[in-house]
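The structure under discussion appears below in the form of structure tokens.
Reminder, nothing fancy here: chain letters follow the sequence lines and each chain counts from 1.
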Protein chains: 4
Amino acid sequence: MGSDTIEHIFGAAVCVFAESGFERARMDEIARRAGVAKGTIYYHFKSKEELFVALMNNGMERLTAYLRRRLAQVEDPQEQLGEILDAQVRYLYDNGTFAKLLISEVWGSIERQRVFRARIRDLVSIIEEVIRRGEKEGSFRTLKVQETAVAIFGAISVAVLQELFRFEEQERQDVKEERIPDLVRNLETLIHHGLIYKEAE
Amino acid sequence: MGSDTIEHIFGAAVCVFAESGFERARMDEIARRAGVAKGTIYYHFKSKEELFVALMNNGMERLTAYLRRRLAQVEDPQEQLGEILDAQVRYLYDNGTFAKLLISEVWGSIERQRVFRARIRDLVSIIEEVIRRGEKEGSFRTLKVQETAVAIFGAISVAVLQELFRFEEQERQDVKEERIPDLVRNLETLIHHGLIYKEAE
Amino acid sequence: MGSDTIEHIFGAAVCVFAESGFERARMDEIARRAGVAKGTIYYHFKSKEELFVALMNNGMERLTAYLRRRLAQVEDPQEQLGEILDAQVRYLYDNGTFAKLLISEVWGSIERQRVFRARIRDLVSIIEEVIRRGEKEGSFRTLKVQETAVAIFGAISVAVLQELFRFEEQERQDVKEERIPDLVRNLETLIHHGLIYKEAE
Amino acid sequence: MGSDTIEHIFGAAVCVFAESGFERARMDEIARRAGVAKGTIYYHFKSKEELFVALMNNGMERLTAYLRRRLAQVEDPQEQLGEILDAQVRYLYDNGTFAKLLISEVWGSIERQRVFRARIRDLVSIIEEVIRRGEKEGSFRTLKVQETAVAIFGAISVAVLQELFRFEEQERQDVKEERIPDLVRNLETLIHHGLIYKEAE
DNA sequence: GATGAATGAGGTTTCATTCAT
DNA sequence: GATGAATGAAACCTCATTCAT
């Protein structure tokens, strides 16, 4: 069936793009792994670039949706921040390929940032909203909302990525259930309360 | 003088690599901007890869040295963390090209992480040392040292990068002196004290 | 009705072939403009080549038929030559797309000349017959019949083509009724009497 | 030597383009026949298109120069027209590959006509000048100058092309010295005096 | 030390054609 | 009769690297 083909292409593409990066990824390899002819990819996507953009949009939309779903489950801003941390760590950990691409291909290139501007906005603004609500409520410190949200996003992403690079695929699955809560707890403490034990004033 | 040639090549290479990324960067373009023939680059560097590695090592060494120098100027761990924040923000802001490469080419690729493992260790361990000292002293919270250091590194890098992408080259110089302190102050508060205004217990 | 489909395909094909030339013409585009699926074209024509040949044969047959019809209306060889001139100019002018293909795809390629040999013969021999009749009657100069016929054919075709390229589609319709007689009159004088005003002897 | 390489590429390109037409001509084949690597062609010419344009400009410039040289040898407009006929027939006959390309690729395509507009103008205007001089002198009939020049150009080109297609390469060389004068004489009579033996009035 | 013409493997993309529905 | 998703051969072009000067 038609939709099946696209699924296969998507599946193969995430892997190959993540393994090799956008430039080094070869359409041949994507086709081979998807079990379709090279031409078939071009029947569905105009170019390598378009395939990549479709893929990343898909991944970012799903991450956004997942974050919003998790967010809806709690009311208190502090708890919401916790949910976001846990959700983002979990999603990036489970979609390691996507995480790599997000950092290396989207975050580090101005052209790509332009292409994905809207989706990045969506993602960052979820964190922003929580920060704003916390501030209004009086439980959060007053900070530059956007800068802070981006920094939090960066802290989580880079931390997860580093973690992913430390273990090989198989090993990762084994330790996953103990590593994720650890990671989340650590980031949560850092972001909630900071490094300094007791505030001076 | 011969060393002059290498300087020119280095200067051109950082720009081109940062503008286009490693893969898309063309040796032709580097040669053109350096004002030398393509063969000359190959006389000094065995390959594109080697040129890139030399370049990044250089940049990371300089960042490391700069951080250490700044660190030596204060004693208190909390102030040291402040110095690191300011130093890293400033260096990445001033070397925007290098910052981009650090995120997109080094941080996001496992092969590159392997190549630069030692330098990354150096960089991250500076933050780690400060955290350990703060903990021992009792003024810092007890956290997973490495994970925290990486998260802080990520928070700073992504925040600066985002900032860099918001302004064009020229404009950047104009607002630099007011933006950097703003950025640093915000990151400092976040990392020192976290988002939550008052600790519950 | 089925024949309707073929009409649509033919109509789209002339346009696309003429706009892009045989090689650059894409079956996709022909199908799109004909309002049918690509497979439908292949249901009716074995290949792109076959579609093209069918198309050109059709056009050449119609030109031949038209020339013969016009020729039958007058008796005198000189008048017949005039009729041919007028008829060929008119037909090529009205079927600009066909005219282009005749020059670029049929006339300029030996393989195509082989394929259309018979039709080209038909076309050229109409002119040849008139020349022969004129010679026999004594009113025409004695010349190499075939070479002369081909030269006349070329003069008319290239002149009309040049004219067609000078005006855009719409504009062409507006000036058509004044340009065609002008063109014909000029060619007629040239071919009937030559450039030289008074023969020496 | 460098210039040698370009000569080889040019030589191979005319042949391949003429044999197969622009679209079907393969760069691989041109490279093979030129005895260079494919990349070498791209080192000297940015694209297939650019190679083709360079080639045709070269050919048209040489034809123009040759026509002007021949023209300068006689004074009388009627003799000049004869020279042009002889020169053009001879050049196209000797450069059959170029002749084919002129008709099929340049003359029959509006895009190409645009690209070569200036060179085509040069070529046609040589004939125009002779016609104008003849008119002024009173020895030539008054006709639309441009249209007439184009028609003459077309008559000659198509006639030569047809002749070229009738003989294979080798055979052509053998009959060349008797065929060219025949062709020229016939065209000369046609264009000088027209088909009609005696003017009626 | 420095040059730049030449290389050729390798990549993306195109598109006529097929075939199961 | 008609469809359109799928194919894969083939073409253009890129560019890191080499080497004779």
**OP:** For B:Ile41 and for A:Ser47, locate the closest nucleotide of DNA chain E by heavy-atom distance; then report the residue assigned to the nucleotide nearer the 5' terminus.
**Re:** B:Ile41

**OP:** To the nearest Å, give me how far apart OH (C:Tyr43) and P (E:dT17) are.
**Re:** 18 Å

**OP:** Let me know the distance between CZ of B:Arg26 and C1' of F:dC13, rounded to the nearest Å.
**Re:** 12 Å

Original post:
How do D:Glu49 and A:Gly35 order along DNA chain F: which one's closest nucleotide is nearer the 5' end?
Top reply: A:Gly35

Original post:
Is the base of E:dT17 touched by the side chain of C:Lys38 through a donor-acceptor pair closer than 3.5 angstrom?
Top reply: yes

**OP:** Measure from the side-chain heavy atoms of C:Tyr42 and tell me the nearest of E:dT12, E:dT17, E:dC15.
**Re:** E:dT17

Original post:
Starting at the 5' end of DNA chain F and moving along, which residue's nearest nucleotide shows up first, B:Asp28 or D:Ala25?
Top reply: D:Ala25

Original post:
Can you check whether A:Ala37's main-chain N or O pairs, donor with acceptor, with A:Thr40's side chain at less than 3.5 Å?
Top reply: yes

**OP:** Check whether any side-chain nitrogen or oxygen of C:Thr5 sits under 4.0 Å from OP1 or OP2 of F:dA2, and answer yes or no.
**Re:** yes

**OP:** Answer yes or no: is there an ion pair linking B:Glu23 with B:Lys48, defined by an N-O contact shorter than 4.0 Å?
**Re:** no

Subject >> Pair C:Arg24-D:Glu111, salt bridge (Lys or Arg N to Asp or Glu O under 4.0 Å): steps then yes or no >> reply: CA-CA 13 Å; C:Arg24 300 181 79 142; D:Glu111 288 83 17; over 6 Å; no

**OP:** Report the distance from atom CZ of A:Phe52 to atom P of E:dT12, rounded to the nearest whole Å.
**Re:** 14 Å

Original post:
Under 3.5 Å, is there an N or O donor on one side and an acceptor on the other linking the side chain of A:Lys48 and the base of E:dT13?
Top reply: no

Original post:
How close or far is atom C1' of E:dA2 from atom CD1 of B:Ile6, stated in whole angstroms?
Top reply: 13 Å

Original post:
How close or far is atom C1' of F:dC13 from atom NE2 of D:His44, stated in whole angstroms?
Top reply: 16 Å

**OP:** Measure the acute angle between the ring planes of A:Phe17 and A:Phe22, then classify it against the limits of 30° and 60° as parallel, tilted or perpendicular.
**Re:** parallel

Original post:
Salt bridge check: are D:Arg33 and D:Glu19 linked by an N-O gap of less than 4.0 Å?
Top reply: yes

Original post:
For E:dA20, which nucleotide is its Watson-Crick or G-U wobble mate, given both distances must be under 3.5 Å?
Top reply: F:dT3

Subject >> Length of the CZ-P vector between A:Arg24 and E:dG11, whole Å >> reply: 10 Å

Original post:
Whole-Å distance between F:dT7 C1' and C:Met27 CE?
Top reply: 16 Å

Original post:
Between D:Thr40 and C:Lys46, who's closer to the 5' end of DNA chain E by nearest nucleotide?
Top reply: D:Thr40

Subject >> Complementary nucleotide of E:dT13, counting Watson-Crick and G-U pairs under 3.5 Å >> reply: F:dA10

Subject >> Distance in angstrom units between A:Glu50 CD and E:dT13 P, rounded >> reply: 10 Å

